[in-house]
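Just so it is clear, the values below take in all heavy atoms, side chains as well, and ignore hydrogens, waters and symmetry mates. These numbers come from a predicted model, not from an experiment.
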Amino acid sequence: MGKFVPKGYQKNSITVRIETEKLKKIEKAAAKANISRNQFINQCIDFALEHIADSESDKSHNLEKDHE
């Protein structure tokens with residue numbers, strides 16, 4: 001899996017409900033990266049979506065190999 005590297009950029013605001021303990025971890029990680037919670041969460045989502053896409057294409061590629 002690739003390394004997550006936080007960076008700053010703008011996005012639209014939305015409301016999301018997050019468990020208290022998870023929010024504490026997010027706030028700590030965002031502060032360490034010197035970015036806002038929102039920026040951190042957006043980057044986590046981007047990272048996850050990129051890797052989900054990779055995982056899905058890996059699965060289909062592996063299925064094709066199984067049928068050879």
Side-chain angles (χ1 to χ4, degrees):
M1 181 177 274
K3 184 176 178 181
F4 174 69
V5 180
K7 59 184 181 238
Y9 60 93
Q10 286 186 322
K11 292 289 178 184
N12 293 327
S13 266
I14 63 167
T15 300
V16 178
R17 298 187 196 293
I18 298 176
E19 296 170 354
T20 302
E21 290 304 312
K22 199 174 293 179
L23 180 57
K24 288 178 186 177
K25 289 179 183 180
I26 289 168
E27 289 174 338
K28 184 176 179 179
K32 185 176 179 181
N34 197 31
I35 60 176
S36 71
R37 281 187 314 218
N38 187 58
Q39 289 172 319
F40 185 82
I41 291 168
N42 270 288
Q43 291 174 51
C44 288
I45 293 168
D46 290 342
F47 182 81
L49 290 173
E50 287 174 19
H51 287 85
I52 287 172
D54 289 346
S55 295
E56 289 175 358
S57 73
D58 288 347
K59 285 179 188 175
S60 66
H61 182 70
N62 288 339
L63 287 174
E64 289 171 7
K65 283 185 176 180
D66 289 345
H67 292 291
E68 291 178 355

| side chain to side chain donor-acceptor pair (under 3.5 Å) partners of residues 26-35, not counting sequence neighbours, each pair once | Glu27-Arg37
| task | Only counting residues at least two apart or in another chain, list the ones meeting side chain to side chain donor-acceptor pair (under 3.5 Å) with Glu21. | result | Lys24
| said: Going by side chain to side chain contact (heavy atoms under 4.5 Å, CB included), name the residues that satisfy it together with Phe4, two or more places apart in sequence or in a different chain. | reply: Pro6, Phe40, Gln43, Cys44, Phe47
| query | Looking at CG of Asn42 and CG of Asp46, how far apart are the two atoms once the value is rounded to the nearest 0.5 Å? | reply | 6.5 Å
| request: May I ask you to test the Ile41-Ile26 pair for a side-chain heavy-atom distance under 4.5 Å? | output: yes
| message | Hydrophobic clustering (ILVMFWY, side-chain heavy atoms < 4.5 Å, transitive) - are Val16 and Leu49 grouped together? | response | yes
| task | Nearest 0.5 Å please: distance from the CD atom of Glu19 over to the NZ atom of Lys25. | result | 9.5 Å
